[in-house]
Amino acid sequence: MRIGGVVLAVAHTLATGTMKSSPGVSMHWFRKGLRLRDNPALLQSLELGKGGEVFPLYIIDADCYQLLHCNALRANFLVECLADLNKSLRERGSRLYVASGDPVEVLPELWTKFGITHMTHEGDETGEPYAKERDAKVRTLAKEKGVDVRVFNSETLFPLGSGYVSKVGNDVQKVPGTMSSFQALFGKMGQVPDDKPAPEADAFPSDQDHSKYDGEMLPPKSPMDLPWPRNVPKKEATPLWGPEDCKNLTPIVRGGESEALTVLRQTTKRPAFVASFEKPKTSCTSTSGASTTVLSPYMSMGCLSPRTMWHALTEASERAPASVPKSKPPVSLHGQLLWRDFNNLIAHATNQRNPGTWGLMEGNHYCRQIPWGDDDEKLLAWKKGETGYPWIDACMAQLRTEGWIHHLGRHAVACFLTRGDLWQSWEKGQLHFEEELLDADYALNGFNWLWLSCSGFFYQYFRCYSPVVFQKKNDKNGDYIRKWLPQLKKLPEKYIYEPWKAPASVLKDAGITLGKDYPEPIVDHAKVSKQNMEKMSFAYDLHKEKQAELAKTAKKSSGTKRKGDTPKKSSGKKKKAT
DNA sequence: ATGACGTTGGAGCG
DNA sequence: CGCTCCAACGTCAT
């Protein structure tokens with residue numbers, strides 16, 4: 001397929017080479033990549049439309065990843081991104097055209113309406129099923145209509161297919177499965193490509209008359225202008241957006257490329273911070289501003305190119321005094337970008353092996369099969385932040401309110417939902433994060449849920465986060481809890497992480513009735529976490545047996561299968577193989 | 001075969 | 001604070 005793609009691109013180049021006579025009318029289709037800076041596809045569109053016309057387009061599509069599972073905060077973030085994009089384009093004498101509907105229907109209409117000869121867009125290399133199918137259909141339609149489509153890949157430091165996979169011999173089975181081997185591969189990739197400056201006004205066609213379309217195809221003004229997510233009921237316990245949800249939104253950051261570049265500048269103004277950054281040492285309980293950069297929402301929308309960020313970090317790091325200890329990947333800030341590429345590469349490889357299985361347990365090459373429970377009450381309690389564990393509930397409150405929590409907070413709540421306490425499927429946690437996180441990302445969200453649930457990449461299931469202990473070392477007084485769960489504000493330090501242990505008089509003084517103002521803990525962590533470890537052990541054994549069987553049948557392709565084998569272990573205690 | 005290692009565990013000890 | 005141990009992991013290098 002990659003080969004086919006290359007052939008196609010060559011054919012297109014030849015075609016355009018022969019019909020260069022009349023000026024082109026090009027369209028740049030923004031999907032992700034909501035930015036002007038370091039946007040090679042946009043630059044190509046400007047090149048193709050030189051002396052002709054260029055139409056920057058965004059299509060509001062309720063089924064795309066940006067909107068399919070999406071709460072009001074995320075919807076609002078998208079609206080802000082589009083407004084900023086429009087503003088930047090207008091400053092350059094252009095504008096953003098916004099359509100709504102299924103791109104497969106919308107695009108051909110617009111091609112006709114505007115007389116489009118060329119279209120450019122950012123590719124989606126992860127193999128996300130909806131995007132893959134949509135783009136394939138668009139490609140076919142474009143061929144029929146004679147529109148020359150060119151695809152660019154700049155959402156990762158290096159392209160996934162033509163970059164990393166090509167480097168391992170075009171064999172997705174050979175892509176690195178650990179961060180250290182990914183770093184080794186990254187080391188062989190050479191210099192990270194330069195980021196390209198945003199096009200200036202003179203790069204846009206000077207005599208294009210946009211006034212013909214004044215008042216048409218305007219960007220949405222509020223989340224209410226966006227279509228409701230199609231596949232989910234409007235009113236459920238999960239916070240899907242409605243008019244009330246759109247009032248008083250308090251996202252941790254505001255959307256748009258301009259904001260992204262401002263936040264990046266603020267980061268690079270602190271060279272020592274950049275140079276010495278170590279992710280595990282950052283605090284997940286800071287109550288005034290985050291201890292990390294909070295650039296992730298911009299990365300997920302493509303307001304900021306990873307290459308731009310990479311080079312900005314390098315430059316800032318070099319300005320740090322020599323006395324500052326330099327951190328390194330995987331914990332450094334550069335390391336965070338490596339993780340991002342690694343996760344994208346794994347998503348890509350997974351979908352190449354078994355299409356559409358990234359984000360799922362079944363069929364996912366990298367995912368252990370684990371018999372998760374199915375308890376809607378527990379799931380709901382987790383989502384609403386009513387587990388009775390203040391640290392967990394505070395995190396879920398911040399998520400709901402700001403659309404963001406620190407990475408380590410995500411670890412704690414993800415562990416709690418899955419292998420740690422509630423024994424619910426990571427797929428459900430993944431969906432909730434997709435709905436509520438401003439930085440929701442198909443590849444990263446999936447990868448981290450595999451990791452935290454010990455379904456893939458991380459396997460030390462006996463290392464379990466305690467919903468009580470974990471944060472005490474950073475935030476003894478529980479300020480973070482007091483901020484996000486104000487009903488617990490008056491509890492003394494001694495009981496802020498464990499209100500159920502407080503004597504009746506203490507609870508009374510703090511104005512709390514457990515079960516009314518704040519829930520009793522829904523599980524006994526000490527007990528269930530041990531039980532869950534046994535379940536994990538059992539599931540791992542089963543996995544090993546299946547692997548052994550597969551290896552056997554692969555060896556002598558017609559061997560007899562052993563049936564009904566189950567791990568020989570009933571009571572937690574495991575015997576070492578003799 | 002064996003041991004070191006893996007972005008961020010907890011409890012108990014000194 | 002730093003150290004060790006904890007029933008329990010898999011991967012990679014040697």
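Residue numbers start from 1 in every chain, and the chains themselves are labelled A, B, ... in the order their sequence lines are given, proteins ahead of strands.
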Original post:
Which part of the nucleic acid, if any, lies within reach of A:Arg419 when heavy atoms closer than 4.0 Å are counted: base, sugar-phosphate only, or nothing?
Top reply: nothing

Subject >> ring pair (Phe, Tyr, Trp, His ring centres under 6.0 Å) against A:Phe470, all qualifying residues, sequence neighbours excluded >> reply: A:Tyr465

Subject >> Distance-only side-chain donor-acceptor flag, A:Tyr164 / A:Asn344, under 3.5 Å >> reply: no

Original post:
Quick check: are there more than 12 heavy atoms from other residues, nucleotides or ligands sitting under 6.0 Å from NZ of A:Lys473?
Top reply: yes

Original post:
What distance, rounded to whole Å, do you find between the two P atoms, one in C:dA8 and one in B:dG3?
Top reply: 15 Å

Original post:
For atom P, what is the distance between C:dA7 and B:dA1, given to the nearest Å?
Top reply: 27 Å

**OP:** Quickly work out the A:Lys544 NZ to C:dA8 P distance and round it to whole Å.
**Re:** 11 Å

**OP:** Sort by first number and list every stem of DNA chain B: at least 3 consecutive Watson-Crick or G-U wobble pairs, both distances under 3.5 Å.
**Re:** B:1-6 with C:9-14, B:9-14 with C:1-6

**OP:** Quickly work out the A:Asp541 CG to C:dA7 C1' distance and round it to whole Å.
**Re:** 13 Å

Subject >> Centroid-centroid distance, A:Tyr366 to A:Phe447, less than 6.0 Å >> reply: no

**OP:** Kindly write out the residues that satisfy ring pair (Phe, Tyr, Trp, His ring centres under 6.0 Å) with A:Trp310, not counting sequence neighbours, or none if the list is empty.
**Re:** A:Phe186, A:His334

Original post:
Nearest nucleotide by nearest heavy atom, which residue falls closer to the 5' end of DNA chain C, A:Lys530 or A:Ser181?
Top reply: A:Lys530

Subject >> Atom-to-atom span, OH of A:Tyr540 to P of C:dC9 - whole angstrom >> reply: 10 Å

**OP:** Round to the nearest Å and state the distance from A:Leu542 atom CG to C:dA8 atom C1'.
**Re:** 17 Å

Subject >> Those residues that, when tested against A:Phe273, pass ring pair (Phe, Tyr, Trp, His ring centres under 6.0 Å) (two or more places apart) >> reply: A:Phe277

**OP:** Answer yes or no: are there more than 12 heavy-atom neighbours, outside A:Lys489 itself, under 6.0 Å from its atom NZ?
**Re:** no

**OP:** Can you sort out the partners of A:His311 under ring pair (Phe, Tyr, Trp, His ring centres under 6.0 Å), two or more places apart, ordered by chain and number?
**Re:** none

Just the table, please: protein N/O against nucleotides 7-14 of chain B N/O, every pair under 3.5 Å.
residue: B:dT7; atom: O4; partner: A:His407; partner atom: NE2; Å: 3.3
residue: B:dT8; atom: O2; partner: A:Pro280; partner atom: N; Å: 2.8
residue: B:dT8; atom: O4; partner: A:His407; partner atom: NE2; Å: 3.3
residue: B:dG9; atom: N7; partner: A:Arg463; partner atom: NE; Å: 3.4
residue: B:dG10; atom: OP1; partner: A:Ser466; partner atom: N; Å: 2.7

Original post:
In whole angstroms, how far is the C1' atom of C:dA7 from the NZ atom of A:Lys535?
Top reply: 18 Å

Subject >> Under 3.5 Å side-chain donor-acceptor pair for A:Ser300 and A:Asp441 >> reply: no

Subject >> B:dA4 versus C:dC5 - spacing of their P atoms, nearest Å >> reply: 14 Å

